[in-house]
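The structure under discussion appears below in the form of structure tokens.
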Amino acid sequence: MALYNPKEVEPRWRAAWAEAGVFRAQTGSDKPKYYVLEMFPYPSGHLHVGHARNYAMGDVVARFKRARGFNVLHPMGWDAFGLPAENAAAERGVEPAAWTHANIDTMREELGRLGLSIDWSREFATCDADYYGPQQALFLKLMERGLAYRKEGLVNWDPVDMTVLANEQVIDGRGWRSDAPVERRKLTQWFLRITDYADDLLAGLEGLDRWPAKVKLMQENWIGRSTGLRLTFAFASESGGVEVYTTRPDTLFGASFVAVSPYHPLAERLAAENPAAGAFVAECRRGGASQVDIEAAEKLGVDTGLKVVHPFDSSIELPVWIANFILMDYGTGAIFGCPAHDQRDLDFARKYDLPVKPVVLPPGEDAALFHVKQDAYIGPGRIYNSGFMDGLDVEAAKAAAVARAQAAGQGQGATVYRLRDWGVSRQRGWGCPIPVVHCPACGVVGVPPDDLPVRLPEGLDFSRPGNPLARHPTWKYTVCSDCGGPAERETDTLDTFVDSSWYFARFANPAAAEPIDRAAADYWLPVDQYIGGIEHAVLHLLYARFITRALKGEGLVGVVEPFAGLFTQGMVTHETYRRQNGEWIDPAGVEVHAEGTARRAVDAVTGEALIIGDSEKMSKSKRNVVAPAQIADAYGIDAARLFVLSDSPPDRDVQWTSAGVEGASRLINRVWSEFAAEVEERDGNEEAVAADLRRVTHRAILAVTEAVEGFRFNSAVARLYEFVSALKTSPAAGAARHEARSALARLIAPFAPHLAEECWRRLGEDGMVAQAPWPVHDPALARDEEKILPVQIDGRRRGEVRAPPGASEAQVRQLVLDDPEIARRLEGLTLRKMIVVQDRIVNLVTG
RNA sequence: GGGGACGUGGCGGAACCGGUAGACGCAGCGGACUUAAAAUCCGUUGGCCACAAGGCCGUGAGGGUUCGAGUCCCUCCGUCCCCACCA
């Protein structure tokens with residue numbers, strides 16, 4: 001029998017699947033539906049092994065669910081707008097559209113070679129007007145609802161990419177793509193009112209029981225709900241006052257100052273009146289241009305000379321400061337400072353010699369002796385030095401302070417969120433145009449539905465920084481649809497995260513004239529299993545939940561949660577190698593030798609000794625990238641799929657090694673040799689031998705099924721290895737062997753689909769394994785004839801007894817007591833108690 | 001500074017509910033086949049003691065709960081991730 005030849009087998013079966021259309025999702029099917037989706041790729045140029053792992057996982061689920069009788073939707077598309085296309089345009093003078101579509105063609109071909117069971121008839125790219133046109137219609141609906149609005153505000157400006165970024169796209173004060181320190185600029189921008197849904201997005205997390213706890217927690221923290229008090233401190237010598245927000249109204253009597261942000265309207269007014277304040281505000285705005293600087297900066301402030309009156313005791317006056325550490329866009333942009341019980345306030349008070357007055361007495365402390373030194377006290381305790389709150393604990397005092405402030409009309413209990421509205425304007429040329437015009441007479445006017453899509457023009461000039469749409473000679477000049485007068489188009493485009501926040505709904509019917517085909521979406525949504533990287537925990541995954549809620553409000557979809565199940569997969573890493581001079585070297589040019597347990601790497605050509613580095617995320621800069629095409633050439637794609645799913649749990653990183661993929665390749669050859677071989681009938685013991693094999697088979701069916709359902713693909717593959725070994729060493733022939741082979745072909749199909757088809761055909765089965773039902777586990781056949789129960793004496797294993805499965809406690813007790821070896825062990829000991837766990841273990845307790 | 005996760009052989013990891021720790025793979029060692037190598041197949045592989053039978057130790061460290069702890073609780077150490085002047 002010929003060796004298994006993936007180069008011949010794999011393309012043949014891919015062609016057969018395509019021809020038979022076996023992966024097409026059915027409309028009007030009476031099977032239950034199952035929607036499995038992997039986060040769609042950005043068409044960067046080529047597929048990498050990380051993609052391969054991600055899509056292989058989704059494919060395992062899709063093939064498994066199909067075999068289990070579901071009508072499966074497993075589509076693919078392209079998140080195709082974004083900066084790399086503009087950079088390519090700038091560097092090489094190509095059209096972004098041409099560059100993007102060429103990449104899509106390449107990557108579609110590469111994805112195809114992975115043997116994924118995708119319904120390609122639903123493919124789309126977000127950069128095509130067929131997609132972004134409907135998206136513009138959605139944007140106009142959000143605008144009518146007031147969910148999309150324009151405002152002037154402080155925004156994150158990326159000075160390298162020359163565009164505004166959302167808060168979620170600023171990582172440690174730097175742009176998420178450019179890594180440049182982000183500046184604060186005041187600009188008029190489009191925002192989506194995600195804050196309207198802050199509470200609902202938070203509450204909805206509770207129902208997402210098939211989401212990782214980690215992601216839910218990250219979203220919860222990102223939304224950042226806190227409850228407290230909005231409270232006005234009245235000015236001492238004029239009318240009006242300054243409103244602060246606090247979560248610690250119980251410490252109000254410990255207040256020693258009020259401070260406002262340099263961007264606060266009061267700061268602006270005082271800056272005009274008072275030269276010292278003016279200089280300070282100017283300094284903050286200049287020096288504080290980048291967030292990186294702000295975070296590193298020392299706490300600084302200036303006393304404005306203005307006084308306010310303590311709301312609970314009019315005999316107390318407090319100074320008003322302007323301080324650089326107060327955020328304008330959280331709470332009210334103003335605080336009261338209580339140095340004894342807040343570390344930042346304490347640092348500030350020590351620097352400027354402001355009073356430190358403790359009002360929370362820690363348990364066990366003496367009021368006369370307690371002092372705050374270097375560390376503010378933020379723990380629980382009893383309130384003192386606080387008038388009407390004296391003697392209360394912290395929680396009771398909070399309630400009392402809120403009640404008092406509300407009764408006096410000084411303030412209101414308030415819930416505040418850390419979440420800000422989503423800034424979606426981007427000063428970029430390769431994105432979805434925001435479909436509005438600016439009319440000198442009518443203001444901002446939405447483009448009428450009949451004029452959609454607002455198409456991107458060809459021939460944009462990307463050779464200079466800045467927005468090419470804004471400097472296009474004609475594109476922006478148009479007329480106002482309201483008054484007919486001359487008007488200019490909006491030249492900002494939408495954040496590409498808008499594109500990806502509803503694409504899953506478009507897959508329900510990507511050809512629909514309306515943005516979302518409601519009937520199709522009602523059938524397919526929510527996505528049953530979504531798979532992607534954890535880096536989107538507070539970006540894409542939060543935006544998509546918000547947009548789905550907004551769409552529900554418009555009656556466009558019937559669900560509020562887009563993704564019922566979420567799985568976040570780990571990355572593929574590879575060991576790194578470098579020369580003595582520090583230069584990185586490609587793994588293809590490295591030979592690794594084992595010397596006992598140590599490993600030594602040398603240059604395959606020169607023999608130069610190399611330094612073996614950590615296994616890291618594959619990156620061009622470290623040259624530790626292995627391309628899927630390379631792997632497929634050497635081992636076949638099934639071996640690669642099997643390996644990326646086998647070595648580590650799917651949510652953890654997996655280390656790519658050639659030894660590992662060789663192991664997977666060995667399994668494939670072992671499986672094929674089983675199907676290729678004829679097994680001779682053996683003499684004697686036929687019944688027992690067949691029963692043994694059937695037991696192995698039915699256990700494998702159960703174990704693999706449970707592992708796949710539980711997303712433990714590594715365990716599923718381990719069980720397949722075991723099953724193959726057991727099958728190959730079993731002498732059984734005839735029906736039992738056929739049953740085992742038939743089960744094996746179907747169990748391995750989600751992982752190594754091409755091999756499985758070849759085996760299935762060899763078995764002489766009808767049709768394709770891609771359409772075959774999942775094997776069914778029969779518990780009666782899987783059952784042991786007898787169980788071996790370890791017998792422990794005082795927790796240490798001292799022997800074993802054999803008992804029929806399900807043996808009663810009395811039976812087992814008798815077996816144990818009758819066992820001579822155990823009796824010998826018990827000599828000189830007093831048996832006090834025997835614990836029998838059915839079919840598991842026995843423990844004898846002596847004393 | 002706040003929040004969270006994780007520490008198991010030489011390596012990746014398994015043990016899903018508290019019930020034989022180390023499945024499966026990799027690497028290693030020994031053997032078969034071969035003129036030889038590769039491939040393949042078989043055996044072996046946590047540590048210590050022992051000729052052996054067997055014994056003792058062992059899931060980051062220390063304590064606790066339990067007949068029984070990798071798993072639950074407390075303290076500590078280490079690593080990683082998220083957020084971060086959020087009042």
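Just so it is clear: chains get the letters A, B, ... in the order the sequence lines come, proteins before strands, and each one is counted from 1. All values reported here derive from a predicted model rather than from experimental measurement.
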Exercise. Rounded to the nearest angstrom, tell me the gap between atom CZ in R719(A) and atom P in rC24(B).
Key: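 Going from CZ in R719(A) over to P in rC24(B) covers 8 Å.
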Distances under 3.5 Å between nitrogen or oxygen atoms of protein and nucleotides 52-58 of chain B:
from: rG55(B); atom 1: OP1; to: R825(A); atom 2: NH1; distance (Å): 3.0
from: rG55(B); atom 1: OP1; to: R825(A); atom 2: NH2; distance (Å): 2.8
from: rC56(B); atom 1: OP1; to: R798(A); atom 2: NH2; distance (Å): 3.2
from: rC57(B); atom 1: OP2; to: R796(A); atom 2: NH1; distance (Å): 2.7

Quiz item: For Q655(A), which contact category applies under a 4.0 Å heavy-atom criterion: base, sugar-phosphate, or nothing?
Solution: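 Result for Q655(A) = nothing.
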Quiz item: NA contact type, G663(A), heavy-atom cut-off 4.0 Å: base, sugar-phosphate, or nothing?
Solution: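 Sugar-phosphate, no base atom in range.
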Self-check item: Polar contact flag, side-chain donor to acceptor under 3.5 angstrom, T568(A)-K214(A)
Solution: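 No donor-acceptor contact under 3.5 Å links the two side chains.
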Self-check item: Residue pair T195(A) / D421(A), side-chain donor-acceptor N/O under 3.5 Å
Solution: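 Yes, because at least one side-chain N or O of T195(A) sits under 3.5 Å from a partner of the opposite role on D421(A).
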From [options], pick the nucleotide closest to the side chain of [X]?
X	options	answer
R652(A)	rG13(B), rG12(B), rA87(B)	rG13(B)
A718(A)	rA23(B), rC85(B), rU20(B)	rA23(B)
I326(A)	rC85(B), rA87(B), rG13(B)	rA87(B)
K214(A)	rA14(B), rC81(B), rC86(B)	rC81(B)

Self-check item: Plane angle bin for Y245(A) and Y330(A) - parallel if under 30°, tilted between 30 and 60°, otherwise perpendicular
Solution: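 Because their plane-to-plane angle is over 60°, the rings of Y330(A) and Y245(A) count as perpendicular.
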Self-check item: rG25(B) versus rC76(B) - spacing of their P atoms, nearest Å
Solution: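 Result for the P pair: 42 Å, nearest Å.
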Quiz prompt | Inter-nucleotide P distance (rG46(B), rU59(B)), Å rounded | solution =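 Pairwise P distance, rG46(B) against rU59(B), rounds to 16 Å.
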N/O to N/O distances under 3.5 Å, protein versus nucleotides 37-46 of chain B:
from: rC41(B); atom 1: OP1; to: R670(A); atom 2: NH1; distance (Å): 3.0

At a cut-off of 3.5 Å, list every protein nitrogen or oxygen paired with a nitrogen or oxygen from nucleotides 15-19 of chain B, distance to 0.1 Å.
from: rC16(B); atom 1: N3; to: R712(A); atom 2: NH2; distance (Å): 3.3

Quiz item: Is there a donor and acceptor pair closer than 3.5 Å between the side chain of R344(A) and the base of rA87(B)?
Solution: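 Per atom types, the contact qualifies.
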